[in-house]
Amino acid sequence: MKRMAIFASGAGSNAENIIRYFNSRDMGWKVAVVVCNRAGAGVIERAARHDVPVELMPKADFNDPEKLLGVMDSYGVDAIVLAGFLLMIPEFLISRYQGRIINIHPSLLPKYGGRGMYGRHVHEAVVAAGERESGITIHLVNEECDGGRVLFRATTEVSPDDTPEDVEAKIHSLERRYYPAVVASTLTGRPLDDFLADY
Ligand code: GAR
C-alpha cells in the first residue's frame, strides 16, 4: 500500500473528499496523514472524523527540513496532495518529491494565480473582472507559485449576476467531482475515465 499526505490550511472539503475516495476503495493508495499549518482549521476535525492523523506544523516547523522530512518519513509518504494549502512548498520538499506533489487551484491558470490569489480572493477577482467563465486547474508543483505541468482543467459558466459565493459553490462542485479522480489517475498512471466512471 502506498501512502499519500494531504497538506491543507482551511475548511478541508477537498481533503475530506480525497480521504473518503481513497480510504473507502482498494486502490493501492491511502491517505496516511494530513499536515495542517493552522490550529483550529476545519480540516483537523474532518480528518479526525475519518481516523486520519493530523500533524500540526506552523510555518517555522514546516520550513525546517529536519522536521518536515521527519514527518514525511515517519508516515512513509510517497506522494503529496495539496488541498487548499496556503504556504509555499519549500525547495527541499519539491526536490525530494519531484513530480509527486499535486495541487488544485480554483481558477483557469495562469489567470488569477500567483501570490495572494487563493480561495475566496480568486472568486472575488473573477467576478470583479466580469469573467463569463471560471474553473479549476490541477497541476504538478514546481518551484514557481502556481506553475508546474497542468494535469487537468474543467470550466464552469459564470453568469452576470453571480456573486463570489456563487462562483465558489460552482468551483467546489467541480473540485468534488474531479480532484479525487485526477489524483487517482495521476498516482496510478491509469486513465482518468477509469476513475470518473466509478464516481
Ligand atoms: C479550494 O477551492 C482550493 O481550490 C483553493 O482553496 C479552497 C480550499 O477549500 N486553493 C487555493 O486557492 C490554492 N491557491 P477547502 O479547504 O474546503 O478544500
Side-chain angles (χ1 to χ4, degrees), residues 4-23 31 33-50 52 54-57 59 62 80-90 93-94 101-129 131 133-158 162-184 186 199:
M4 83 180 86
I6 296 179
F7 291 5
S9 306
S13 69
N14 283 283
E16 187 171 25
N17 291 337
I18 292 168
I19 292 169
R20 256 201 213 110
Y21 187 88
F22 280 87
N23 293 9
V31 179
V33 61
V34 169
V35 171
C36 178
N37 62 306
R38 273 187 47 224
V43 69
I44 296 172
E45 211 180 294
R46 293 203 202 224
R49 231 183 275 154
H50 297 276
V52 174
V54 176
E55 292 284 341
L56 193 57
M57 300 193 79
K59 189 172 178 179
F62 184 77
I80 297 164
V81 174
L82 311 184
F85 187 65
L86 300 183
L87 298 181
M88 284 295 288
I89 302 302
L93 197 72
I94 294 174
I101 309 179
I102 303 169
N103 183 41
I104 189 164
H105 188 79
S107 75
L108 298 171
L109 288 175
K111 281 182 150 188
Y112 308 103
R115 278 180 172 272
M117 274 294 171
Y118 59 87
R120 182 69 60 80
H121 299 291
V122 174
H123 312 308
E124 281 165 358
V126 164
V127 168
E131 296 282 359
E133 70 167 13
S134 190
I136 57 171
T137 306
I138 299 171
H139 63 95
L140 294 177
V141 172
N142 64 10
E143 296 72 13
E144 209 184 304
C145 182
D146 294 328
R149 183 160 68 81
V150 171
L151 301 168
F152 179 83
R153 277 180 220 280
T155 60
T156 182
E157 188 203 322
V158 175
D162 274 352
T163 63
E165 292 75 15
D166 295 328
V167 177
E168 186 172 48
K170 291 177 178 180
I171 294 295
H172 275 314
S173 112
L174 289 179
E175 292 180 336
R176 194 161 46 243
R177 168 147 176 73
Y178 291 112
Y179 200 22
V182 172
V183 169
T186 305
Y199 211 33

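Every number for a ligand or one of its atoms is a count from 1 in the order of the listing. Please read these numbers as outputs of a predicted model, since none were measured by experiment.
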ask   = Is there a nitrogen or oxygen of Gly12 sitting under 3.5 Å from a nitrogen or oxygen of ligand 1?
value = yes

ask   = Between Ala11 and ligand 1, is there a nitrogen or oxygen pair with a distance under 3.5 Å?
value = yes

task = Using distance alone, determine whether Ser13 and ligand 1 share an N or O pair under 3.5 Å.
result = yes

task = Report yes if the side chains of His139 and Leu109 come closer than 4.5 Å at any heavy-atom pair, otherwise no.
result = yes

query = With Thr163, which residues qualify under side-chain hydrogen bond (donor to acceptor under 3.5 Å, both in side chains), at least two apart?
reply = Glu165, Asp166

query = Mind checking whether Met117 has a heavy atom under 4.0 Å from ligand 1?
reply = yes

key: Residue, atom name and distance, where the atom is the protein heavy atom closest to atom 9 (O) of ligand 1   = His172 CE1, 3.7 Å

note = of all protein heavy atoms, closest to atom 6 (O) of ligand 1 is Gly84 CA, 3.8 Å

inquiry  = Within ligand 1, which atoms have a heavy atom of Tyr118 less than 4.0 Å away?
reply    = 12 (O), 14 (N)

query = Does Lys170 use its side chain to pair, donor to acceptor, with the backbone of Glu157 at less than 3.5 Å?
reply = yes

inquiry  = Which residue and atom name correspond to the protein heavy atom nearest atom 11 (C) of ligand 1, and how close is it?
reply    = Pro106 CD, 3.5 Å

query = Does Asn14 reach ligand 1 with a nitrogen or oxygen that is under 3.5 Å from one of the ligand's nitrogen or oxygen atoms?
reply = yes

message = Keeping His105 on the side-chain end and Pro110 on the backbone end, is there a donor-acceptor pair under 3.5 Å?
response = no

task = Mark the output for Ile104 as yes if a heavy-atom distance to ligand 1 is under 4.0 Å, and as no if none is.
result = yes

task = Please name the pair of heavy atoms, one in Met117 and one in Ala125, separated by the smallest distance, quoted to 0.1 Å.
result = CE-CB, 3.7 Å

task = Give yes if a backbone or side-chain nitrogen or oxygen of Gly119 is under 3.5 Å from a nitrogen or oxygen of ligand 1, and no if not.
result = yes

inquiry  = If you take the nearest heavy atom of each of Arg176, His105, Glu175, which one is closest to atom 2 (O) of ligand 1?
reply    = Glu175

message = Between Leu86 and Phe7, is the side chain to side chain contact (heavy atoms under 4.5 Å, CB included) condition met? List the steps.
response = CA-CA 9 Å; Leu86 300 183; Phe7 291 5; over 6 Å; no

query = Tell me, do Asn103 and Ile138 make a side-chain contact under 4.5 Å, heavy atoms counted?
reply = no

request  = Name the orientation class of the two ring planes belonging to Tyr178 and Phe152 (parallel below 30°, tilted from 30 to 60°, perpendicular beyond 60°).
outcome  = tilted

